[in-house]
Amino acid sequence: MPIEHAVPAFAIIGAVNHGKSSILSTLMEDDAVAVSSMPGVTVHAKRFALRDLVVFHDTPGFQNARKALAEINRAPADANDPLAKFRVFVEQHQTDPQFEAECRLLKPVLAGAGIIYVVDGSLAPTPLNECEMELARLTGVTRLAIVNRTGEQDYIGQWRAALNRSFNAVREFNAHSASFEDRKDLLETLANINRDWKPYLLKAVTALQEDRSARIDDAAALAVSLVCDCLTFSARLSLKIDSAEARTAADLALQERFKTQLAKIESSAHNKMIALFAHHLVQSSSESASLFKDGLFSVETWRLMGLNAKQLTMTGAAIGAVAGAGTDALTLGHTLLLGTAVGAAIGGTTAYLVGKKQPSVSVKTPRFSKALQLLMPEKLQLSAQEMVVGPMQANNFPWILLDRALCSLNYVAGRAHGRRDETAIQMDQLLPSLQQKKLSVEYWSDEDRKRCEKLFAKLRLSKTLVGNESQELKDIIARHFGEVVASADRATH
Ligand SMILES: Nc1nc2c(ncn2[C@@H]2O[C@H](COP(=O)(O)OP(=O)(O)O)[C@@H](O)[C@H]2O)c(=O)[nH]1
Ligand SMILES: [Mg+2]
């Protein structure tokens, strides 16, 4: 029997360009593993550890498998140690340029590692692949085969027949679409083919699960901060206004600044969430998008996201008494809407506050009353112009923020780290699948919605939540985030 590591280790081997590095990248949630369509990018074996529970060595693959097999078959056999032939081979060919890759990939195996043999299921098995499989079989170490399909063609049946003869287990695992559950399954498969390594690998599965839960919790905390920051944010400007045109220009500039800064707060929160899931090639769309095209303040966003019109009307009624600046309009809206067809009745200011349209934000100059200003010397009158926009009163605003956070979360939780395309998350496009799975905010229970509304109203009124209030909001959000992540984790793409 080979001497095996106390901690399980595996060499990832296979033909060049069959997706070895991509598989490892997805398995380890590390999108920085060198992956390339140019053969031979992984030149040296690289070591990746999952805590101190399992180690993977990414290797360059095979270079000259047929000749290596012939050499190894020629080496003297040791009935008690199948690796003896391989040891002789590596000793003889350490500096031989024609077997450089074979010596590299065998090094961890001779030190006790098992083998994960990766094949591209969109290519038919070749005689050269037969040599690779035979080499793996001859080592006698724990060995798993992974079929990864990089293209449309499907030769999985042929591969399975060949692989079943030489490996302890064969699994399909797609480097570009494997979900969290697929990753766990793979570790469980490894656990089941080597009894000595089982405790480590099962602990690794538990560690993955714990890590997942911690991330959901952290993401919920980010969402609470996002909502708190956005619902209390206002933009201010003090300047000397000496004409009506200047006033109009300043108004517009301040409104624009208000929205831009809210979008920045949102994109910063989303980027933190993306980082939480260790994606370095993904960014929040609000960072790159035009504010009004597909960002936080697009017409579509306000039409499609957040609560539906009926829920918003109920919300307006429920919180009318405590909604601060919006109180009059909200209460009025509620009264008008009682017993009326909701969609038809929504209009004007009420629609903006209660309904699914984006309100125009108005600029106020709250520092001094008009009467007081007239009593002041002219110089002071001019300097007294402080303009304020916000906070955003629309009832749907926090719900839109939450729906968009759910979209980003769903994307990052479901994206395999083996992918190498850079992307900006398009939240509007992700919403339909979330709605289809009944995971968007519209489907939250009445109880959750009412509890959130109370907390949002409190936040708007007193500009802050105390400890147990923000904990309550976090718990509700974390529960829904957990459902979204669980659905992404189960998904087979
Ligand atoms: N479409 C698709 N492409 C893949 C997949 N796995 C790997 N690739 C691509 O295949 C190429 C080789 O992948 P790489 O992991 O570097 O292969 P290695 O040489 O065996 O390590 C890269 O361009 C990858 O992006 C997959 O599951 N789907
Ligand atoms: Mg590679």
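By convention here, the first residue in the shown sequence is residue 1. When a ligand or atom number is given, it counts from 1 through the structure's own listing order. None of the values given here were measured: they were computed from a predicted structure.
Residue His18 touches ligand 1 through its backbone alone, judged by heavy-atom distances below 4.0 Å. Residue contacts with ligand 1, taken as heavy atom pairs separated by less than 4.0 Å, do not involve Asp58 at all.
Counting only N and O atoms by type, the side chains of Glu132 and Asn129 include a donor and acceptor under 3.5 Å apart. Side-chain contact of His93 with Glu71: a donor-acceptor pair under 3.5 Å is present, judged by distance alone.
Across Gln429, Met427, Gln426, a single residue satisfies side-chain contact (heavy atoms from CB on, under 4.5 Å) together with Cys407, and that is Met427. A side-chain contact (heavy atoms from CB on, under 4.5 Å) with Leu190 is found for exactly one of Leu144, Val205, Asp185, namely Leu144.
For ligand 1, the polar-atom distance check finds an N/O of Gly19 within less than 3.5 Å of one of the ligand's N/O atoms.
Listed by atom number, the atoms of ligand 1 under 4.0 Å from Lys20 heavy atoms are 15 (O), 17 (O), 18 (P), 19 (O), 20 (O), 21 (O).
Heavy-atom proximity to atom 14 (P) of ligand 1, evaluated over Gly14, Ser22, Ser122, is greatest for Ser22. Among Arg420, Arg149, His176, the residue whose heavy atom lies closest to atom 9 (C) of ligand 1 is His176.
For the pair Arg143 and Tyr117, the cation-pi test (distance below 6.0 Å, angle within 45°) is failed.
For residue Asn17, no N/O/S atom approaches the Mg ion (ligand 2) to within less than 2.8 Å.
The existence of a salt bridge linking Asp446 and Arg449 is confirmed by a sub-4.0 Å separation between a basic side-chain nitrogen and an acidic carboxylate oxygen.
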